[in-house]
Amino acid sequence: MKPAPFAYHKARSLDDALAHLAAHKDARLLAGGQSLIATLNMRLSAPTLLVDINGIAGLDRIEVKGDAIEIGALVRHAQAERSDVIAKHVPLIARAMPHIAHPAIRNRGTLGGSIAFADPAAELPACLLALGGAIVASGPNGTRAIKADDFFKGLFETALSPDEIVTALRVPMARPDSRIGFAELARRHGDYAIVGLAATARTTGEKLADVRLAYFGVGDTPVRARKAETALAEGNIDDAVGALDLSPHDDVQATAATKKHLAGVLLRRVAKQLMEAVHA
């Protein structure tokens with residue numbers, strides 16, 4: 001199937017891209033295109049204008065800014081996968097990267113695009129939620145940072161306004177007492193997960209603190225299991241599994257009951273990872 005006709009504009013600056021978004025209410029942004037092109041070809045999306053932002057300078061950088069890492073929206077998955085900065089300072093994203101799709105897709109797909117698309121079964125939105133990160137967005141009224149906890153609103157729905165562009169992801173830098181965990185279950189490596197879990201915590205003596213468990217594939221958005229977080233901080237994995245406050249629904253991959261069971265399996269695996277040292 002071929003896409004419906006559309007016009008194309010290659011933006012030379014962020015202001016240029018914002019101006020075209022403001023002038024064309026149904027315009028869509030083209031970055032990596034790994035989700036957009038498929039929806040165009042199936043005519044699930046039919047914009048009159050594509051605004052290509054790949055030529056905008058400065059959106060492909062990975063930078064240390066104070067106690068945070070800022071990842072430009074145009075950073076490709078493969079670039080992040082190879083980044084020493086991300087491996088050292090954001091090990092959760094480094095651990096998740098090999099699970100995301102396949103090498104050809106990781107070579108083109110962007111981190112900003114994945115977050116803006118907000119697929120509830122995708123790894124990166126859950127990682128950003130587990131990290132307590134933020135999404136930096138620019139629009140006609142300036143730039144704002146939106147907490148990941150407030151960003152994912154519903155199925156493929158975010159807090160972005162139609163005239164805003166994601167320009168970067170901002171994540172806290174890992175500390176010596178930081179712990180991370182990541183696991184997912186998929187039918188084949190590279191497929192969207194049936195259920196997945198990204199997690200962060202800190203150690204205080206023999207216990208965990210500030211536990212954040214972000215599940216994906218179990219709802220319309222990435223979901224924090226807050227009661228399980230509290231139970232896991234008390235040190236009892238069985239209690240944490242019993243406290244899992246998730247309400248998955250049936251989908252083409254598994255029933256709700258199966259997903260709830262798998263969520264418990266993953267929690268046991270990730271809990272063990274959280275107790276391991278991130279830094280040797």
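The first residue in the sequence is number 1, and the count goes up from there.
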Compare every heavy atom of L92 with every heavy atom of T200, then report the nearest pair and how far apart it is. CG2-CD2, 3.8 Å
Taking every heavy atom of S83 against every heavy atom of I86, the minimum-distance pair comes out as OG-N, 3.1 Å
Any non-hydrogen side-chain atom of E81 less than 4.5 Å from a side-chain atom of P98? yes
Give the intermediate values and the outcome of side chain to side chain contact (heavy atoms under 4.5 Å, CB included) for residues R224 and D149. CA-CA 9 Å; R224 284 183 65 185; D149 290 279; 3.3 Å; yes
Parallel, tilted or perpendicular for H99 and H189, by the 30°/60° rule? tilted
Within the side chain of E123, is there an N or O that forms a donor-acceptor pair under 3.5 Å with the backbone of A101? no
Closest non-hydrogen atoms of K207 and A233, given as atom of the first, atom of the second and distance, are CD-O, 4.0 Å
Can you find a pair of side-chain heavy atoms, one from S114 and one from P125, that are under 4.5 Å apart? yes
Any idea how F182 and F216 line up, ring-wise: parallel (<30°), tilted (30 to 60°), or perpendicular (>60°)? parallel
Nearest heavy-atom contact between H102 and D191 is NE2-OD1, 4.4 Å
Which atom pair, heavy atoms only, marks the closest approach of V270 to A199? CG1-CB, 3.5 Å
Examine distances only and state if a side-chain atom of D239 and a backbone atom of G242 form a donor-acceptor pair shorter than 3.5 Å. no
Do other residues, nucleotides or ligands put more than 12 heavy atoms under 6.0 Å from the NZ atom of K147? no
Shared hydrophobic cluster, Y192 / I100 (ILVMFWY, side-chain heavy atoms < 4.5 Å): no
Non-hydrogen side-chain atoms of E234 and N236 separated by less than 4.5 Å: no
Consider only side-chain N and O atoms of S178 and R202, and report whether a donor and an acceptor are under 3.5 Å apart. no
Can you confirm whether the side chains of T48 and D26 place a donor and an acceptor under 3.5 Å from each other? yes
Do we see a donor-acceptor contact under 3.5 Å between the side chains of Q273 and R179? no
Looking at D220 and K153, is there a salt bridge between them, counting it only when a charged N and a carboxylate O are closer than 4.0 Å? no
S161 side-chain N/O to D163 backbone N/O, donor-acceptor pair under 3.5 Å: no
Under 4.5 Å between side-chain heavy atoms, hopping through other hydrophobics if needed: is there a path connecting L267 to V223? yes
Quick one: do L124 and L36 end up in the same hydrophobic cluster if we chain Ile, Leu, Val, Met, Phe, Trp and Tyr together by side-chain heavy atoms under 4.5 Å apart? no
Can you name the one residue among I135, I146, T110 that meets side-chain contact (heavy atoms from CB on, under 4.5 Å) with V166? I135
Between I180 and L131, is there a side-chain heavy-atom distance shorter than 4.5 Å? no
Spell out, yes or no, whether I56 and I165 are grouped together once hydrophobic residues are joined by side-chain heavy atoms under 4.5 Å, including indirect joins. yes
Quick one: are L50 and H9 in side-chain contact, heavy atoms under 4.5 Å? no
Is there a donor-acceptor contact under 3.5 Å linking the side chains of H77 and N107? no
Where the side chain of E229 meets the backbone of L213, is there a donor-acceptor pair that is under 3.5 Å apart? yes
Heavy-atom closest contact (K227 atom, A243 atom, distance): CB-O, 3.5 Å
Could you tell me if N54 and D52 have a donor-acceptor pair between their side chains, going purely by distance under 3.5 Å? yes
